[in-house]
Structures are given as structure tokens and as C-alpha cells.
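Model, not experiment: these values are computed from the prediction.
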Amino acid sequence: MRDLKYLSAYLVPFSAILALQWQGIWSWATVVLTFGILPLTELFAVKSTHNVPVEMEDKRAKAPVFSWLLYLNIPLVFGIVAWYISLLDQQHLNFSTLLGLTLSAGIVVGTNGINVAHELGHRSSLLDQQLSKLLLLPALYQHFFIEHNRGHHKNVATDKDPATARLHENVYTFWVRSVAGSWTGAWALERVRLQKANQAVWSWQNEMVRFCVFQFTWLALIFIFGGWKGFAGAIAVATVGFLLLESINYIEHYGLQRRMLASGHLESVLPAHSWNSNHEIGRIFLYELTRHSDHHFKSNRQYQILRHLDESPQLPFGYPMSILIALVPPLWFALMNPRIEKVRFQHTLSVQ
């Protein structure tokens with residue numbers, strides 16, 4: 001019965017369905033849930049460091065229910081985006097309703113779309129990887145599959161990684177750098193891969209070429225059936241979705257850096273290089289993404305068996321509240337910069 005807690009993640013798309021159906025003040029339902037109710041609830045909820053017993057990990061990892069909980073997000077995400085676009089074409093919406101619906105649908109694209117795609121993209125199954133790319137389509141962020149898996153996990157907590165926020169860097173500057181850097185990084189990774197295989201870079205073998213074609217086709221179909229309003233709406237919800245992702249990237253590694261060893265090589269990725277949160281409500285809604293250190297330790301470890309690690313630095317708040325604070329840079333710096341100095345000092349002591 002404890003595993004049924006992950007059904008709570010469906011409250012995000014359910015709130016978006018209510019927003020699309022009832023509109024008016026309800027248009028903001030997903031926004032209020034994600035950045036109002038959740039962070040306030042986490043302030044009073046108990047944090048949990050409980051880990052799945054080692055002897056149960058294998059059985060739990062193979063249980064089909066945890067995969068189906070992810071797969072069911074696919075019709076929800078595409079259905080909500082399609083519904084949103086159809087409303088733009090069929091109804092005249094006032095500004096408040098339009099903005100609320102756009103943010104609500106965009107949050108679904110980011111949380112139940114990109115976040116679930118992230119989980120599936122790390123699996124070895126070809127089906128799961130293809131479903132991951134499919135879920136990234138409404139966010140127009142399919143290059144994430146390449147850059148995150150082959151770039152971010154290799155270069156995390158270094159200046160080579162566009163998705164690692166630097167000390168004193170505000171979230172708005174980070175958005176620009178990370179969005180641009182992940183795009184160019186994915187092209188570079190594909191170019192290197194194809195050159196090593198003696199294949200033409202500008203060919204169908206280049207996955208970035210395929211992604212561009214798929215995303216252009218997606219937008220073209222939306223324009224055909226939804227007109228300019230639908231086209232603009234698709235761009236808007238995609239932007240909300242991938243900026244939500246980048247905001248999560250920002251708080252996950254802010255100010256954390258791997259050290260250069262005397263050998264001239266970077267130290268390995270350690271728990272000290274990711275910010276974590278044991279606020280259980282946020283963990284459930286994001287399929288345990290907040291146990292990020294363990295994810296970087298073993299990237300194909302499935303969400304239902306991710307572990308709390310005592311060495312991992314902890315955010316003072318859950319992810320939703322942390323994102324809100326990050327949107328006010330002076331407040332974020334005042335909260336996090338002293339913690340970074342403490343984490344670096346403790347990490348230095350631990351490796352001596």
C-alpha cells in the first residue's frame with residue numbers, strides 16, 4: 001500500500017484537467033498546487049531518510065507497476081496539451097485565464113513530461129528510451145536526451161557542464177546559458193559520435209537532425225489544426241516546461257564543483273556534488289528526483305529504489321519552495337552561499 005503514494009504525482013495533471021475544464025479562477029489550479037500548496041505543505045511535513053532495504057531492491061526494481069506509473073503520463077501529457085491548444089482555437093479567453101492555462105499546461109509538460117522522460121531515458125530498454133524522446137517532444141527539448149545522458153552526467157559540477165549553476169550565478173542568466181549550452185552541446189556530442197563511426201554528420205544518422213525534423217513536424221501539425229494561436233500556445237507551454245526543468249537543474253548543483261586532483265584529473269562525481277531534499281511530498285511528485293546524489297552515483301538506478309546518502313548536502317527546503325526562492329536571486333544567495341562554503345569545507349575534510 002505504501003507504493004500507492006506515487007499516485008499523488010497524478011494530482012499535477014489532474015489539476016490541469018480541472019483548469020482546462022472549469023477555467024476562470026480554476027485556470028491557475030496547477031500553479032497554486034505546485035507552487036502554493038506543495039511548498040507550504042512541505043514546510044510542516046516530516047522529512048524521510050528511509051531507504052529500501054538492500055535485499056528488496058532487485059525485486060522492487062523489477063516490479064512492473066512502477067514503470068506503468070510512468071507510462072500513464074504519456075496520454076495525460078499529450079491529452080492536456082492537445083486540449084489546451086484546442087481551447088485556444090475554439091474559445092476567446094481573457095488574459096488571466098489564458099495565462100493560467102498556459103502555466104498549468106506548461107507545468108505538466110515539465111513535471112509529468114520532461115521529468116518522466118528523464119527517468120525513462122536512463123533505462124537500457126529501447127522502448128523506454130523511445131518513450132523518453134516522445135515525452136520530450138511537447139517541450140521541444142528532445143536534445144536533452146543526448147546532452148543530459150552523455151554530457152551532463154560526465155561533466156556535472158564542472159565549468160564544462162551548462163546545466164551546473166555556478167556560485168553567484170542567478171537563475172535568469174543560468175536559463176540562457178543552460179538552454180543554449182545544452183542545445184550546442186547535443187550537436188557537438190552527435191558530431192563526435194558520427195565522426196568516430198565514419199558517418200556523415202549531416203545525415204539521418206544524426207539524432208539531432210531527426211529531433212529537429214520531429215519537432216518541426218509537431219509544430220507544423222499544430223499550426224495546421226490549431227492555427228497561429230495553437231502554434232503560439234505550443235511554443236508557450238514548451239517554454240514553461242523547459243524553463244521549469246532548467247530551474248530544477250539550477251537548484252540541483254548550484255555552486256558545487258569537483259576538485260582537480262594532484263594527478264591532473266577531476267575527482268569522481270560524489271554525493272557532495274548534488275543538492276538533495278528529503279521532503280517526501282516533493283520526492284513523490286517528482287518520482288524521487290530530489291534524491292539526486294544517488295542518481296548521479298548510478299544513473300540507471302530506478303526512481304523507486306533511489307537512496308538517501310548521508311554525505312549528500314541537503315537543501316533547506318523542498319524543490320518547489322527552492323525554485324520560488326531562486327527566482328529572487330538576493331534571497332537565494334543569502335540562503336545558499338553560506339551552505340556552499342560549509343559543504344566545501346566538509347568535503348575537503350572527508351577526502352583528506
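In this structure, the ring of Trp22 has its center no less than 6.0 angstrom from the ring center of Trp28. Between Trp183 and Phe211, the ring centre distance reaches or exceeds 6.0 Å. Between Tyr6 and Tyr303, a ring centre-to-centre spacing shorter than 6.0 Å is recorded.
To the nearest 0.5 Å, atom CD of residue Glu190 and atom CD of residue Glu147 are 11.5 Å apart. Distance CH2/Trp332 to CG/Leu327: 10.0 Å, rounded to 0.5 Å. Within the model, atoms CG of Leu286 and CD1 of Ile248 stand 5.5 Å from one another, a figure rounded to the nearest 0.5 Å. Note: Leu98 CG to His92 NE2 = 9.5 Å, rounded to the nearest 0.5 Å.
Ionic pairing of Glu119 and Arg123 is present here: one or more N-O contacts between side-chain nitrogen and carboxylate oxygen are shorter than 4.0 angstrom. In summary, Arg283 and Glu42 do not engage in a salt bridge, as defined by a charged side-chain N under 4.0 Å from a carboxylate O. Taking 4.0 Å as the cut-off between side-chain N and carboxylate O, Glu207 and Arg210 count as a salt-bridged pair. Salt bridge status for Lys62 with Asp58: present, with a side-chain N to carboxylate O gap under 4.0 Å.
Listed by chain and residue number, nothing satisfies the side-chain hydrogen bond (donor to acceptor under 3.5 Å, both in side chains) test with Glu311 (two or more places apart in sequence, or in another chain). For the side-chain hydrogen bond (donor to acceptor under 3.5 Å, both in side chains) test, residues two or more places apart in sequence or in another chain that qualify with Glu169 are Arg177. Residues that satisfy the ring pair (Phe, Tyr, Trp, His ring centres under 6.0 Å) test with Phe285, not counting sequence neighbours, are absent from this structure.
Put simply, the residue from Arg258, His292, His296 that forms a side-chain contact (heavy atoms from CB on, under 4.5 Å) with His273 is Arg258. Each of Asn73, Asn115, Ile80, Val108 was compared with Val12 under the side-chain contact (heavy atoms from CB on, under 4.5 Å) criterion, and only Val108 meets it.
Listed by first and then second residue, the ring pair (Phe, Tyr, Trp, His ring centres under 6.0 Å) pairs that reach into residues 100-140 are His118-His122, His118-His148, His118-His295, His122-His148, His122-His153, His122-His295, sequence neighbours excluded. For residues 159-178, the ring pair (Phe, Tyr, Trp, His ring centres under 6.0 Å) pairs, not counting sequence neighbours, are Tyr172-Trp175, Phe174-Tyr250.
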Step-by-step side chain to side chain contact (heavy atoms under 4.5 Å, CB included) determination, Trp275 to Met336: CA-CA 11 Å; Trp275 290 102; Met336 294 302 297; 3.5 Å; yes

Please step through side chain to side chain contact (heavy atoms under 4.5 Å, CB included) for the pair Gln142 and Leu137, ending with a clear verdict. CA-CA 6 Å; Gln142 290 184 300; Leu137 182 59; 4.0 Å; yes

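In summary, the side chains of Ser48 and His50 do not present any donor paired with an acceptor at a separation below 3.5 Å, with no hydrogens or angles considered.
Through side-chain heavy atoms spaced under 4.5 Å, either directly or across other Ile, Leu, Val, Met, Phe, Trp or Tyr residues, Met260 is tied to Leu266.
Taking the six-membered ring for Trp and thresholds of 30 and 60 degrees, Trp228 and Phe223 have ring planes more than 60 degrees apart, a perpendicular arrangement.
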